[in-house]
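Every value quoted in this text rests on a predicted model; they were computed, and no experiment measured them. Note: hydrogens, waters and symmetry copies are ignored here, and every other heavy atom, side chains too, is used. This chain uses plain numbering: 1 for the first residue, then up along the sequence.
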Amino acid sequence: QVQLVESGGGLVQAGGSLRLSCAASGRTFRLYNIGWFRQAPGKEREFVAVISWSGSTTYYADSVKGRFTISRDNAKNTMYLQMNSLKPEDTAIYYCAARGVAYSTYYPREENQYDYWGQGAQVTVSS
């Protein structure tokens, strides 16, 4: 079982930066691919980025590529999402999620492929 807790959200002006953290409990966290998703008001939850269990492979949604960076520190059981050049359209609740398959080489963008979810962190970007 893995429990995930996001932190680091807040209010920032357009062009600014924020770093989200996702702290995990459970020894198996380091074996799983981890993703970030977001849900804006009135919209469906969408994929943002995913990182492999080793940290060597990452994929991003086109809307954040070049601005966001996903990373992880397995020694600290923590994953990060560095968000730069933020835009008002990045305003959303951000969720981290773990795919509960050890050493997987599958990096899904569909939320139904993830087994464990955090409670979410609000990010608001003002214009």
Side-chain angles (χ1 to χ4, degrees):
Q1 189 75 6
V2 174
Q3 292 185 324
L4 305 173
V5 179
E6 300 95 337
S7 61
L11 173 65
V12 64
Q13 288 189 330
S17 299
L18 279 176
R19 188 176 81 157
L20 299 179
S21 298
C22 174
S25 64
R27 292 184 297 175
T28 53
F29 169 80
R30 63 194 63 194
L31 307 181
Y32 298 153
N33 297 344
I34 307 293
W36 283 100
F37 290 76
R38 67 185 182 185
Q39 186 168 21
K43 295 187 177 181
E44 294 187 350
R45 191 152 55 183
E46 64 176 4
F47 168 80
V48 175
V50 61
I51 188 167
S52 62
W53 58 271
S54 66
S56 61
T57 301
T58 58
Y59 294 102
Y60 297 91
D62 288 343
S63 58
V64 306
K65 198 176 297 183
R67 299 188 297 123
F68 290 11
T69 302
I70 189 172
S71 62
R72 67 191 296 166
D73 185 340
N74 283 342
K76 296 182 178 179
N77 262 19
T78 303
M79 180 182 67
Y80 305 97
L81 185 68
Q82 177 67 43
M83 304 183 293
N84 298 330
S85 302
L86 282 161
K87 305 175 181 180
E89 51 264 44
D90 294 318
T91 295
I93 300 174
Y94 284 71
Y95 300 88
C96 61
R99 175 169 163 78
V101 177
Y103 307 118
S104 175
T105 57
Y106 180 42
Y107 309 105
R109 300 180 178 225
E110 299 80 14
E111 60 178 293
N112 63 7
Q113 296 296 314
Y114 291 80
D115 303 290
Y116 307 104
W117 290 83
Q119 83 290 350
Q122 177 69 49
V123 171
T124 303
V125 185
S126 63
S127 57

### Task
Output, in order, the C-alpha distance, side-chain angles, deciding distance and verdict of side chain to side chain contact (heavy atoms under 4.5 Å, CB included) for Arg38 and Asp90.
CA-CA 9 Å; Arg38 67 185 182 185; Asp90 294 318; 2.9 Å; yes
Kindly give the heavy-atom pair with the smallest separation between [X] and [Y], and that separation in Å.
X      : Y     : value
Cys96  : Glu6  : N-OE2, 2.9 Å
Lys43  : Gln39 : O-NE2, 3.1 Å
Ala24  : Phe29 : CB-CD1, 3.2 Å
Ser127 : Ala14 : CA-CB, 4.4 Å

Under a single-linkage definition using a 4.5 Å side-chain heavy-atom cutoff for Ile, Leu, Val, Met, Phe, Trp and Tyr, are [X] and [Y] assigned to the same hydrophobic cluster?
X      : Y      : result
Ile93  : Tyr114 : yes
Val48  : Tyr107 : no
Val64  : Leu20  : yes
Val123 : Leu4   : yes

### Message
Going by side-chain contact (heavy atoms from CB on, under 4.5 Å), name the residues that satisfy it together with Thr91, two or more places apart in sequence or in a different chain.
### Response
Gln122, Thr124, Val125
### Task
Examine Trp53 together with Tyr32 and report whether their ring centres are nearer than 6.0 Å.
no
### Query
Between Phe37 and Trp117, does the ring centre distance come in under 6.0 Å?
yes
Atom [atom1] in [X], atom [atom2] in [Y]: separation rounded to 0.5 Å?
X     : Y      : atom1 : atom2 : result
Ile34 : Ser71  : CD1   : OG    : 12.0 Å
Ser85 : Arg67  : OG    : CZ    : 7.0 Å
Asn33 : Tyr106 : CG    : OH    : 11.0 Å
Lys76 : Arg30  : NZ    : CZ    : 13.5 Å

[X] versus [Y]: any side-chain heavy-atom pair under 4.5 Å?
X      : Y     : result
Glu111 : Glu46 : no
Cys22  : Tyr80 : no
Thr69  : Leu81 : no

### Message
Using side chain to side chain contact (heavy atoms under 4.5 Å, CB included), reason through Tyr95 and Arg45 one step at a time and then give a plain yes or no.
### Response
CA-CA 9 Å; Tyr95 300 88; Arg45 191 152 55 183; 3.6 Å; yes
### Residues, nucleotides or ligands: over 12 heavy atoms within 6.0 Å of Gln3 CD
no
#### Entry: Within 6.0 Å of CD in Glu110, more than 12 heavy atoms from elsewhere
yes
### Query
Where do Arg72 and Thr78 land on the side chain to side chain contact (heavy atoms under 4.5 Å, CB included) test, with the steps shown first?
CA-CA 6 Å; Arg72 67 191 296 166; Thr78 303; over 6 Å; no
Let me check something: any side-chain donor-acceptor pairs from residues 55-63 under 3.5 Å, sequence neighbours excluded? List them with distances.
{"unit_1": "Ser56", "atom_1": "OG", "unit_2": "Ser54", "atom_2": "OG", "d": "2.8"}
{"unit_1": "Tyr60", "atom_1": "OH", "unit_2": "Ile70", "atom_2": "N", "d": "2.9"}
{"unit_1": "Asp62", "atom_1": "OD1", "unit_2": "Lys65", "atom_2": "NZ", "d": "3.2"}

### Query
How are the rings of Phe68 and Tyr94 set relative to one another: parallel (under 30°), tilted (30 to 60°) or perpendicular (over 60°)?
tilted
### Task
Would you kindly say whether Ser17 and Asn84 are connected by a side-chain donor-acceptor distance under 3.5 Å?
yes
### Query
Do Gln113 and Arg99 have side-chain atoms, one donor and one acceptor, less than 3.5 Å apart?
yes
### Task
Please test Met79 against Trp36 for side chain to side chain contact (heavy atoms under 4.5 Å, CB included), starting from the C-alpha separation and ending with a verdict.
CA-CA 10 Å; Met79 180 182 67; Trp36 283 100; 3.1 Å; yes
